[in-house]
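Worksheet: one structure, shown below.
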Amino acid sequence: MITTRFAPSPTGYLHIGGLRTALFSWLWARKNSGKFLLRIEDTDLSRNSDEALEAILKAFDWVGMSYDGDAIYQSKRFDIYAKYIDQLLEEGKAYKCYMTKDELTALREEQMAQGERTRYDGRYRDFTGTPPEGVEPVIRIKAPLDGNIIFDDGIKGEICISASEVDDFVIARAGGVPTYNFVVAIDDALMGLTDVIRGDDHLYNTPKQIVVYEALGFDMPKFYHVAMINNEQGKKLSKRDGATDVMEYKTLGYLPEALLNFLVRLGWSHGDQEIFSVEEMIELFDPKDINKSSSNYNLDKLLWLNAHYIKNSSNNKLAQMLKDFGVDIENHDKLELLLDATKERGKTLVELANQINLILNAPAEYNPKASKKAFKGTAREYLEEFANMLKNWDSTLHTPPEYHAVIDKFVADKEIGFGKIGQPLRVSLLGAMTGSGLDEIMAILGVDETINRIQKAIEFIDNRD
RNA sequence: GACCCUUUCAUCUAGUGGCCAAGGAUAUUGCGUUUUCAUCGCAAAAGCAAAGGUUCAAAUCCUUUAGGGGUCGCCA
């Protein structure tokens with residue numbers, strides 16, 4: 001039985017990097033028919049907000065990741081932590097430290113000046129005298145004094161950190177509120193976690209948590225430290241590098257399956273495979289295939305994946321999603337045609353919405369370059385004649401091939417090239433030289449609207465000349 | 001500064017001593033398909049951070065150097 005978790009602190013939105021580690025944890029649990037738990041790390045009451053928590057849950061919901069059971073809130077478990085603190089104190093595995101913050105600062109400055117890694121010097125570890133007046137003590141845990149703290153990381157292999165690098169860290173603040181590394185270890189153990197997958201910014205927390213595991217006699221989970229995601233220049237990812245909030249990707253018109261596919265391939269691979277449905281991810285994911293090194297965030301591939309998933313989405317699903325982008329075509333009688341004609345031309349839902357609007361709305365203006373090129377010479381004459389032809393054929397025209405037949409006939413009758421009518425027609429209908437196929441556009445618009453737009457173009461030509 | 005992690009095309013990656021004069025994908029460029037654009041197909045260009053070792057043989061093992069990241073809280 002595999003049990004994993006995601007443990008965000010509700011201080012902001014869900015970060016793209018956080019989603020990736022959550023995804024890895026979720027996949028690993030699902031693959032093994034295990035449990036994926038959610039724990040809210042809200043021990044710092046001043047920094048938490050309900051909105052932040054809601055935002056995180058919303059992001060989970062959007063990408064379709066679900067956790068098992070109820071979310072666990074650390075803020076509701078202070079009595080549990082207090083019990084373990086008492087236990088450690090009684091067993092002599094933890095002690096009260098009366099060092100003031102000023103003293104600590106002085107110590108750190110001195111160590112820094114010596115070129116050492118700053119750490120508590122253990123001065124109250126074996127203190128038996130009379131405590132100084134007016135200092136509310138913190139509780140520190142006794143870390144090993146010598147040797148190494150070694151663990152086998154599921155991604156990076158054996159990690160060995162000298163005990164001299166791990167100090168007697170604080171497990172309860174003055175006032176009794178427990179600290180992060182202490183409660184994490186307790187909760188991970190109590191929640192029955194077998195595999196802890198997290199960012200490698202936690203690598204140095206692991207030896208501290210191991211100290212807690214050993215002091216309390218808990219079984220240790222397997223740790224996996226996933227390297228960070230950096231920006232394209234290899235620097236720390238910041239808001240300037242694009243969207244870091246998961247929900248921003250929804251706004252930008254990305255499909256959740258594209259985002260997940262993108263993220264799963266950032267640091268993880270399965271041979272040469274690039275496209276993974278969620279089902280395939282679950283089937284194939286294994287943390288042993290996660291890369292050791294950090295990866296750089298690059299939008300190109302996400303865009304490509306998004307285009308892929310748009311192309312392969314059903315038209316009904318696309319129509320449903322497009323409502324968030326100001327395009328309501330769910331009841332449009334030409335829905336299928338409309339999306340078939342546009343879905344290969346939009347890399348995001350935003351672009352797709354634009355493509356659809358381009359067809360649905362008569363051109364407000366004609367692209368100057370396009371109209372100059374297309375509306376010249378015989379264009380006006382052909383447009384008028386073509387409109388007449390449409391009028392005559394009206395009752396027989398429904399599908400794209402039927403419209404295509406009209407053009408074919410027209411071109412044959414006139415003994416002209418396709419471009420002679422194609423280009424003027426395209427600019428008349430869309431206002432630009434590029435876009436969906438003419439047959440599809442006319443089939444969507446119908447004869448009346450097509451003629452309408454041709455008339456408008458003719459008026460434009462007349463007024464211009 | 002100290003400690004830890006890391007380093008294959010611009011980017012994501014395959015690769016665990018011989019199948020590698022390094023494979024795939026994106027992006028780029030060219031060609032083809034298409035009335036246009038897009039899609040799609042084909043092709044090109046592009047990399048083992050550097051230097052030393054070990055070995056018959058090294059992208060793969062070792063050492064050093066350089067680059068990048070992380071951590072050094074009574075934050076999480």
Side-chain angles (χ1 to χ4, degrees), chain A residues 7-11 41-44 46-47 74 97 99 101 104-105 108 111-120 136-140 153 155-157 159-162 164-167 169-181 183-184 199-207 225 227-228 230 232-236 262 265-275 289 291-305 307 311 341-347 355 370 374 404 407 411 417-423 425-427 430 432-439:
Chain A
S9 65
T11 52
E41 313 227 312
D42 55 353
T43 51
D44 186 347
S46 61
R47 295 206 311 168
Q74 290 188 321
C97 169
M99 201 171 177
K101 289 194 179 181
L104 248 182
T105 309
R108 287 197 185 111
Q111 286 169 333
M112 200 68 99
Q114 298 285 322
E116 292 169 14
R117 206 174 132 80
T118 60
R119 62 204 186 281
Y120 173 68
E136 202 179 355
V138 299
I139 315 278
R140 288 181 182 272
D153 189 276
I155 294 168
K156 297 185 189 279
I159 304 288
C160 174
I161 288 161
S162 166
S164 63
E165 295 293 328
V166 180
D167 63 2
F169 61 95
V170 173
I171 58 172
R173 303 166 171 93
V177 179
T179 60
Y180 173 78
N181 282 118
V183 299
V184 164
D200 82 355
D201 48 341
H202 286 284
L203 195 69
Y204 245 89
N205 287 325
T206 307
H225 290 97
M228 303 277 93
N230 296 323
E232 195 153 12
Q233 288 73 42
K235 302 288 182 189
K236 191 173 177 162
F262 171 71
R265 283 287 289 107
L266 218 52
W268 176 82
S269 61
H270 182 259
D272 286 338
Q273 189 170 343
E274 295 288 346
I275 306 285
D289 297 319
N291 247 253
K292 293 170 153 177
S293 54
S294 57
S295 39
N296 295 357
Y297 173 93
N298 175 266
L299 209 63
D300 286 335
K301 204 154 194 173
L302 173 59
L303 225 36
W304 170 71
L305 283 165
K311 271 181 293 186
T342 50
K343 68 208 267 189
E344 283 179 354
R345 268 164 263 263
K347 287 188 193 299
Q355 289 293 328
H404 191 77
I407 301 181
V411 170
F418 204 108
K420 281 284 183 195
I421 181 62
Q423 288 194 346
L425 188 56
R426 171 173 298 286
V427 178
L430 293 184
M433 208 75 118
T434 62
S436 304
L438 288 172
D439 312 335

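Quick note: numbers below take in every heavy atom, side chains included, and nothing from hydrogens, waters or symmetry partners. Naming convention: chains lettered A, B, ... in sequence-line order (proteins, then strands); numbering from 1 in each chain. Note that this is a predicted model, so its numbers are computed, not measured.
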Closer to the 5' end of RNA chain B via nearest nucleotide, is it A/Pro137 or A/Ile161?
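Closest to the 5' end, via its nearest nucleotide, is A/Ile161.
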[X] side, atom [atom1]; [Y] side, atom [atom2] - distance, nearest 0.5 Å:
X        : Y        : atom1 : atom2 : value
A/Tyr120 : A/Asp167 : OH    : CG    : 9.0 Å
A/Asn230 : A/Lys235 : CG    : NZ    : 9.0 Å
A/Asn291 : A/Trp268 : CG    : CH2   : 11.5 Å
A/Ile171 : A/Ile139 : CD1   : CD1   : 6.5 Å
A/Glu165 : A/Glu116 : CD    : CD    : 9.5 Å

Taking atom [atom2] of [N] as reference, at what distance in whole Å does atom [atom1] of [X] sit?
X        : N     : atom1 : atom2 : value
A/Gln273 : B/U26 : CD    : P     : 14 Å
A/Phe262 : B/U26 : CZ    : P     : 14 Å
A/Glu165 : B/G1  : CD    : C1'   : 13 Å
A/Gln114 : B/G1  : CD    : P     : 16 Å
A/Leu303 : B/U28 : CG    : P     : 10 Å
A/Glu232 : B/U26 : CD    : P     : 16 Å
A/Asn298 : B/U13 : CG    : C1'   : 13 Å
A/Leu302 : B/U26 : CG    : C1'   : 11 Å

Take atom [atom1] in [N] and the same atom in [M], then report the distance between them in whole Å.
N     : M     : atom1 : answer
B/G41 : B/A66 : C1'   : 44 Å
B/U11 : B/A49 : P     : 12 Å
B/A10 : B/U35 : C1'   : 36 Å
B/C42 : B/U33 : P     : 15 Å
B/A44 : B/C9  : C1'   : 14 Å
B/A22 : B/C62 : C1'   : 23 Å
B/A38 : B/A27 : P     : 12 Å
B/U60 : B/U28 : C1'   : 30 Å

Select base, sugar-phosphate, or nothing to describe what [X] touches, counting heavy atoms under 4.0 Å on all strands.
X        : value
A/Arg119 : nothing
A/Glu116 : base
A/Val138 : base

Under a 3.5 Å cut-off for both distances, is [N] Watson-Crick or wobble paired, and to whom?
N     : result
B/A59 : none
B/G1  : B/C72
B/A44 : B/U28
B/A66 : B/U7
B/A21 : none

Within the pair A/Arg108 and B/C72, is there a side-chain N or O less than 4.0 Å away from OP1 or OP2?
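A/Arg108 to B/C72 OP1/OP2: no side-chain N or O under 4.0 Å.
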I want to check one thing: is the phosphate of B/G73, taken as OP1 and OP2, less than 4.0 Å away from some side-chain N or O of A/Thr179?
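Negative; the distance criterion is not met.
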Give every pair of a protein N or O atom and an N or O atom of nucleotides 40-50 of chain B that lie under 3.5 Å apart, one pair per line with the distance.
{"from": "B/C40", "atom 1": "OP1", "to": "A/Lys311", "atom 2": "NZ", "distance (Å)": "2.8"}

Can you tell me if A/Asn298 and A/Glu232 form a side-chain donor-acceptor pair at under 3.5 Å?
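A pair is found: one side chain offers a donor N or O, the other an acceptor, under 3.5 Å apart.
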Under a plain distance cut-off of 3.5 Å, with no hydrogens placed, do A/His225 and A/Asp200 share a side-chain donor-acceptor pair?
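Per modelled atom types, A/Asp200 and A/His225 side chains form no pair under 3.5 Å.
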Look at the side chain of A/Lys156 and the base of B/C5, then say whether one donor and one acceptor between them are separated by less than 3.5 Å.
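Donor-acceptor pair under 3.5 Å: no.
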Can you identify which nucleotide, out of [options], has its nearest atom closest to the [X] side chain?
X        : options             : result
A/Asn181 : B/G73, B/G24, B/A76 : B/A76
A/Thr118 : B/G73, B/C74, B/G1  : B/G73
A/Glu274 : B/A27, B/G24, B/U11 : B/G24
A/Ala174 : B/G1, B/A2, B/C74   : B/C74

Identify the two heavy atoms, one from [X] and one from [Y], that lie closest to each other, and give their separation to 0.1 Å.
X        : Y        : value
A/Gln233 : A/Asn296 : C-ND2, 4.4 Å
A/Arg265 : A/Gln273 : NE-O, 3.3 Å
A/Gly267 : A/Ser295 : N-OG, 4.1 Å
A/Lys292 : A/Lys156 : O-NZ, 3.3 Å

State, yes or no, whether a side-chain contact exists between A/Trp304 and A/Glu274 at a heavy-atom distance under 4.5 Å.
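Touching, per the 4.5 Å side-chain cut-off.
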Are the side chain of A/Arg119 and the backbone N or O of A/Arg117 linked by a donor-acceptor pair below 3.5 Å?
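Confirmed, A/Arg119 side chain pairs with A/Arg117 backbone.
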Check: A/Arg345 side chain, A/Gly435 main-chain N or O, donor-acceptor pair, under 3.5 Å:
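Checked: pair present.
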Looking at residues at least two apart in the chain, or sitting in another chain, which of them share a side chain to side chain donor-acceptor pair (under 3.5 Å) with A/Ser164?
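Only A/Ser162 meet the side chain to side chain donor-acceptor pair (under 3.5 Å) criterion with A/Ser164.
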Identify, with sequence neighbours excluded, every residue that meets side chain to side chain donor-acceptor pair (under 3.5 Å) alongside A/Lys343.
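Partners of A/Lys343 by the side chain to side chain donor-acceptor pair (under 3.5 Å) criterion, ordered by chain and then number, come out as A/Asn315.
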In the 5'-to-3' direction, what one-character label does each nucleotide of nucleotides 31-38 of chain B receive under the scheme B = base within less than 4.0 Å of a protein heavy atom, S = sugar-phosphate only, - = no such atom?
----BBBB
Assign a letter to each nucleotide of nucleotides 14-23 of chain B from its 5' end: B, base within under 4.0 Å of a protein heavy atom; S, sugar-phosphate only; -, no contact.
S--------B
Pull out every protein N or O sitting under 3.5 Å from an N or O of nucleotides 65-71 of chain B, one pair per line with the distance.
{"from": "B/G68", "atom 1": "O2'", "to": "A/Gly234", "atom 2": "O", "distance (Å)": "3.2"}
{"from": "B/U71", "atom 1": "O2", "to": "A/Arg117", "atom 2": "NH1", "distance (Å)": "2.8"}

Kindly indicate whether a cation-pi arrangement holds for A/Arg140 with A/Phe169, taking the cut-offs as under 6.0 Å to the six-membered ring centre and within 45° of the axis.
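Not satisfied by the 6.0 Å and 45° rule.
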